[in-house]
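We name chains A, B, ... by the order of the sequence lines, and we start the count at 1 in each one. This is a predicted model, so every value here is computed, not measured. Computed from heavy atoms alone, side chains included, the values below leave out hydrogens, waters and symmetry copies.
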Amino acid sequence: MHYIASNKVLRVSLIAVILVGAFTGFTLAKTPVEMYHYWPSGNWNEAFVEATNLAQQKLDAKDAGVELNLKTVKHEDYKTKIKLLAQQKGTSPDLFSYWEGARTQALADAGVLQDLSNYWAENNLDNKIFPFLKEAAMYSVKGEEGIYNIPFGTHAIVVVYNKTLFEEAGIKSEPETWNELLSASEKIKSLSTEDKKVYPFVSGIKNRWPAQYWFDYLLFRTAGPEFRQNLLKGKESFTSPEVMRAVEMWSELLKKDYFYPNAASYSWSEAMNFFVNDKAAMNVIASWFVGNLKGAGMKPGEDFGIFEFPVIDPSVPQGMYGAVDGFAMPKLASHKEAAYEALNVLLNPEVQELHSEMKGSLHVTSQAEPDFGPVMSDVNELYASTPFYYFNFDLTAPPPVADAGLDTFIQIWQNPDNYKKALKQLQSRIEKENLFE
Amino acid sequence: MFSKSQEYQKQKIKRILTIISFLVLPILVYLAFVIGPALYSMVYSFTDWSGVGSSFSWVGFENYITAFNSGPFFNALKNNAIWVGIFITVPTGLGLTLAKMVDSLKGERFLKTIFYIPMTFSYVVIGLMWSWIYLPESGILNMALDFVGFGFLKTAWLSEPSTALIAVIIAAVWRQTGLSMVLYLAGLRGLPIEVIEQAKIDGASSWQRFWKVTFPMLKSTTTVVLSLTMIYALRAFAIVYVMTSGGPNRASDVLGTLVYKQLFWNLRAGYGSALAMILFVIILVVVVLFQWRMLSKEVSF
């Protein structure tokens, strides 16, 4: 009898211990935040991994009970895969990196993304994130304004120049106006010898998108940001005098053989080799070139510098554009509260500083003060004081228009004499296929 | 007591059930992974679905009308026709020539392996290899042209609209030739030697023996080779995507790359599905008509 009773006590105690253990275990377990991103290799990956480690330390320090789990997918595959993952319960991440602009708009329109406006307001992000980025991060879905992608890092488009070639050509100061740029280009061209040809500009347009940088800046500088934005909303025509004028200027440069030949054979990074080897002096490119040139052994500030795309019409507002990476949250995310905590630490100034310094990208919060090297600090100076900041052509225009437009830019690049015909064909295609709808 | 015919019937039913039991699983898999998605694609081709989310509207034949009014669609179709034209002649002709050579030479195994090696590489690998060969400044092709004194022919093969398509097709032909050769070699080995010997005794020259006797007897092999090359030429995608993505300015675009871009770059899944359906119908019609015509006159020996 006594034996049976003690056995019972033992069993009950054992069950109690298991239950208490399990309960404590559950309460101690951290809520996972599944985060997908498209920086799977190189210093971009390292920068993000380090930034996330710091973010995790900050979460642990405040006992948030959140664990950040990173998952990477290669850049091109990511564009396809993340859309499939984000719209299915069970595979949906809690946060995923995504390009601000038309691509986010498409996912928001399809009802896949969580509106983060409340999160933005509750966390007072108006006072943390640069105001020009908020304007860029607003999306209109079914007539209602919302925020669907929280900016995390950006790159601005500038002109990078080869200091050795500028010095050899006797160019004393960085060009500030269009005429100064043309004059510098002529001086660079005159450096050519029979053995070695030197070109004022280089660009690798194998993947099409670097060609848009010329179109964008020439249009911004001649027709202004309002016209440019309206053009990419379908309210203006690609055959309008404003577009024709900008593209004519571009075609003049191309006809003068100012660009390193066979641009369509090279990616942007392959084309930078000609810059490194002193065969080309300038490139209009996003600030990620800094890491590329450093990797090729060039010293920022000593071997290369940057300047803002020159003023063409002083009466037109001057500003910048570029690409913004942000974090979006699927509506089907399983751990939304934990994901909000994660966003908070990702926007922490120290995390932003670490990420920007390691990656060579620009931060999004005004409190962060990254310790940039010589060239990045110049980019940052322009960026932090820009009166406006928009997205690249292919991030602003709806995807089918961006695709057709990029094809047209290649057509112009390869046959600058026929730019009018190319623009007419583009406009006709947009209308025939209703590409803005 | 069963009668003999009842026993036979029972055996027959049992045999049919056995056959069905073996077929059920593959048919289910085929329905789930081939027919099902194809039907889905057909349904989506009548919608304006973006490919994301679950909302869409029915648009009837609008996507098909857009396709038949679209310059890029006809450009891709034209490029596919060029692919087919080159693919049914060059790799087939080369494959047959190589097979005949290898068949009559010593060291056949070694040669067969050499010619078959490209076939073991994926189109992605072939695409990357040939992209390097075609590089304007450091590519082997331009360097070789320089070396043999044909430097004036040098060009940026993949970035010149006039050469991009043909440059991609040549890379694909390089791979496809190995397959044609192996198929023809198998065909040659299966031919009745006495018929060819008889032609020799009758005084036919070696060319006459090949053209009048051997080649007609290879008709079923030719049907297989041509069907395979035609199907590949019509659904060419990976090598084009890797080498040019259809550029520059759509010069090398084919229906496969156009469909991909509409589905995944432009978020026009409805339109992309319509293009895929058109491609499917083209392949079906071309291949079925071709096989029906070729096999209706099957040679037996």
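The part of B:Y260 that comes within reach of chain A is its side chain, from C-beta onward, which places non-hydrogen atoms under 4.5 angstrom from that chain. Neither the backbone nor the side chain of A:R103 has a heavy atom closer than 4.5 Å to any heavy atom of chain B. Using a 4.5 Å cut-off between heavy atoms, A:L435 contacts chain B through its side chain alone, with no backbone atom that close. For B:S245, no part lies under 4.5 angstrom from a heavy atom of chain A. Contact of A:Q87 with chain B is made through the side chain alone, with heavy-atom distances under 4.5 Å. Proximity to chain A is limited to the side chain of B:L135, based on heavy atoms less than 4.5 angstrom apart. Residue A:F409 does not touch chain B at all, counting heavy-atom pairs closer than 4.5 Å. Within the 4.5 angstrom heavy-atom criterion, no atom of B:F56 approaches chain A.
The environment of B:F152 atom CZ is dense: over 12 non-hydrogen atoms of other residues, nucleotides or ligands sit within 6.0 angstrom. Within a 6.0 Å sphere centred on CZ of B:F150, heavy atoms belonging to other residues, nucleotides or ligands number 12 at most. Heavy atoms from other residues, nucleotides or ligands lying under 6.0 Å from NZ of A:K197 number 12 at most. For B:F74, the CZ atom is densely surrounded, since the number of other residues' heavy atoms within 6.0 Å is greater than 12. By the neighbour-count criterion of 12 heavy atoms within 6.0 Å, atom CD of A:E144 is sparsely surrounded, having that number or fewer from other residues, nucleotides or ligands. Environment of CD1 in B:I140: sparse, with no more than 12 heavy atoms of neighbouring residues, nucleotides or ligands closer than 6.0 Å. In this structure, A:K196 places its NZ atom where more than 12 heavy-atom neighbours from other residues, nucleotides or ligands lie under 6.0 Å away.
Among A:A402, A:A110, A:A86, the residue making the largest number of heavy-atom pairs under 4.5 Å with chain B is A:A110. The most heavy-atom pairs under 4.5 Å with chain A, out of B:P248, B:G246, B:A164, B:A67, come from B:P248. The choice from B:G71, B:P72, B:G247 that makes the most heavy-atom pairs within less than 4.5 Å of chain A is B:P72.
How far CG of A:D407 is from NZ of B:K261: 6.0 Å, rounded to the nearest 0.5 Å. The line from CG of A:N273 to OG of B:S138 is 9.5 Å long, rounded to the nearest 0.5 Å. The NZ atom of A:K81 sits 13.0 Å away from atom CZ of B:F264, with the distance rounded to the nearest 0.5 Å. Atoms CZ and CG, from A:R429 and B:N69 in turn, are 12.5 Å apart once rounded to the nearest 0.5 Å. Rounded to the nearest 0.5 angstrom, B:N63 CG and A:E433 CD are separated by 10.5 Å. Note that CG of A:N434 is 7.0 Å distant from CD of B:E62, once rounded to the nearest 0.5 Å.
Closest of all the heavy-atom pairs between B:E137 and A:K279 is OE1-NZ, 4.2 Å. Taking each heavy atom of A:K83 and B:L267 in turn, the nearest pair found is NZ-CD2, 3.2 Å. Of all heavy-atom pairs spanning A:P399 and B:W265, the tightest one is CB-O, 3.2 Å. Considering every non-hydrogen atom in both B:P161 and A:Q414, the closest pair reads CG-OE1, 3.1 Å. Taking all atoms of both residues into account, the shortest heavy-atom contact from A:N262 to B:A156 is OD1-CB, 3.3 Å.
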